[in-house]
2 protein chains.
Amino acid sequence: MNYALLCTVATLRKLDGRPMPDAKLNSDTRVRILDVSERQFMAHGYEGTSMRMITSMAKVNLAAVNYHFGSKEGLLREVFRRRLTWLNSERLAVLDALEERAKGAPLKPSQVLEAFFGTLLRIGEDESLGGMTFLRLLGRTLTDPAEFIRTFFATEYAEVIERYKLALFRAVPDVPKAEIVWRLHFMLGAMSYAIAGTDILRVITGHEMSDISGKEEGTKSEARRLSERLMPFLLGGLRAALPQFADSSNRQQAPLAKTVRSKSQEKKK
Amino acid sequence: MNYALLCTVATLRKLDGRPMPDAKLNSDTRVRILDVSERQFMAHGYEGTSMRMITSMAKVNLAAVNYHFGSKEGLLREVFRRRLTWLNSERLAVLDALEERAKGAPLKPSQVLEAFFGTLLRIGEDESLGGMTFLRLLGRTLTDPAEFIRTFFATEYAEVIERYKLALFRAVPDVPKAEIVWRLHFMLGAMSYAIAGTDILRVITGHEMSDISGKEEGTKSEARRLSERLMPFLLGGLRAALPQFADSSNRQQAPLAKTVRSKSQEKKK
DNA sequence: GCATAATTCATACGTTCGTTTGAATAGTAG
DNA sequence: CTACTATTCAAACGAACGTATGAATTATGC
């Protein structure tokens, strides 16, 4: 399995430590498979995309995927790795630069969010980084229940999340840390979902959005338009007023709508 | 295909218009299949769940699904329909009650959000409405790229979205309508993602969240804890300061982090 | 140019998929 | 009981799945 890796190892041994030429890692076949896979996984999901779809559309032999990536799982991992390594190292670099310039002072919340989400959304403007295709794929895959996908993302994101969590703790000192973690959670969700773009809203109200915003923003990329809307929303949510904790007698506190239970059909015990 | 429906039609004709007895629609086999499917679709996704998983786990014959629901797609639709019809009619009823009580005055933003998201989250507290299992399934399926799923949700949600959109327009008059639609979009995402719960954050920082919040909230349901955190975040995002539109010369306005491009690896043209 | 490694190719393997079929059984109204 | 409908069941269908194999082809180092 994965003969390409075996060959690579052999080559490396012969090259005696010198870095492997990019040509090997960026062969036509490899990138064609990755490009097509990115698009197909985005359009049909991981399980909904077959190797035969990919190989026929990429005009390569059926066995090519297993040769170059070992397995379908290996292919998906590589599809993400080639984008995420850039993204997350860039995120760390941006944060490093900001903190260095701040000379120890806490960053502004907007700076932290801009560094984290702005860097991501820049991918959508740059086709060589994956463009909107990869952004949509990312948004949709973050909620995929498959185990190997979850663990892959967990390890791939661990360092970045940790760094930005700490930066947010310092940037928003008046919000409890646990609350910030929750809100980071929510912000990731708002972003993924907005990016995925498979939602109901676009079907129903999509016209309005593009109509109204289309006046002066015709030249702007989809990613930039999204970013200008998303960042204020995230900032507002991050700095929102704290939830007033109910008094310890937590019965009958419920604001959850139970107003019209009579109107709904009777509940069967 | 779908012999059960054929039988149903025949029965209805014999019953001459009288409502069909519930026993037919709620046979043991039917609900056992639906319950198991709900859980399996949640855990492994639609494509990742096979009919043999479902039927063996529900202890019914393999052909039972096709008999009762016609196809796998029909099964998924029914899994959602039996929960969403309650959810969305309840949402409409709650909104009706609120607007009636307000006597024509605009509702408060918190009321609208509470009606929309609170009603949803109440499902998580009530096992007979689907509980957290269904909430997670819903969150994960909302980003599923499959066409028949998207169109199903679009029609299923159309009326509710339209009503709540109008309510939000009136509740937040100082935010442009197009902006509100975007933010409704973002709020749906934050909620779905938070509900889906397969994210990176829970793996990395899950302990902290439950540690800190676990003092006095041990008795609260998972859905209620989520709701208390989510609603302030959504409110803050909904009412956030408007994005300052860049002047029409939209070049070089970019706040998108391009600070440390030198640090990242050189970009190949 | 020759030997060797790297890649491509056609083909096949063994599974598993969703669905169908026709007979067997359970349920029900007259 | 009888006639009929509704449901369950075991078995099989063809198709599509991910992967493996060994020969053929191309590229590479000396």
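Proteins get letters first, then strands, A, B, ... in listed order; numbering begins at 1 in each. These figures come from a predicted structure and were not determined experimentally.
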Nucleotide nearest B/T29 (side chain, heavy atoms from C-beta), chosen from D/dT8, D/dC9, C/dT19: D/dT8

Spacing between B/Y67 atom OH and D/dA6 atom P, to the nearest angstrom: 7 Å

Between C1' of D/dC9 and NZ of B/K59, the distance in whole Å: 17 Å

Value in whole Å for how far the C1' atom of D/dT7 lies from CZ of B/R32: 13 Å

Atom pair distance, as rounded to whole Å: CG in B/N66 and C1' in C/dC17: 12 Å

Stretch residues 43-58 of chain A: residues that reach within less than 4.0 Å of DNA chain C through a heavy atom: A/R52

N-O pairing of B/E159 and B/R163 below 4.0 Å: no

Presence of salt bridge, B/R122 and B/E125, under 4.0 angstrom: no

Salt bridge A/R82-A/E38, side-chain N to carboxylate O under 4.0 Å: yes

Residue-phosphate contact under 4.0 Å: A/H68 side-chain N/O, C/dT8 OP1/OP2: yes

Gap between atoms CZ and C1', on A/F69 and D/dA20 respectively (whole Å): 18 Å

Euclidean distance, atom CG of residue A/N61 to atom C1' of D/dA20 [Å, nearest integer]: 12 Å

Distance in angstrom units between A/L62 CG and D/dG22 P, rounded: 17 Å

CZ on B/F148 to OG on B/S71, rounded to 0.5 Å: 8.0 Å

Length of the CD-P vector between B/Q40 and C/dG18, whole Å: 13 Å

Within 45° cone of A/F69 ring axis and under 6.0 Å: A/R77 NZ or CZ: no

Atom CZ of A/R83: over 12 foreign heavy atoms under 6.0 Å: yes

Sugar-phosphate, base or nothing in reach of B/A64, heavy atoms under 4.0 Å: nothing

cation_pi(A/R229, B/F186) dist<6.0 Å, angle<=45: no

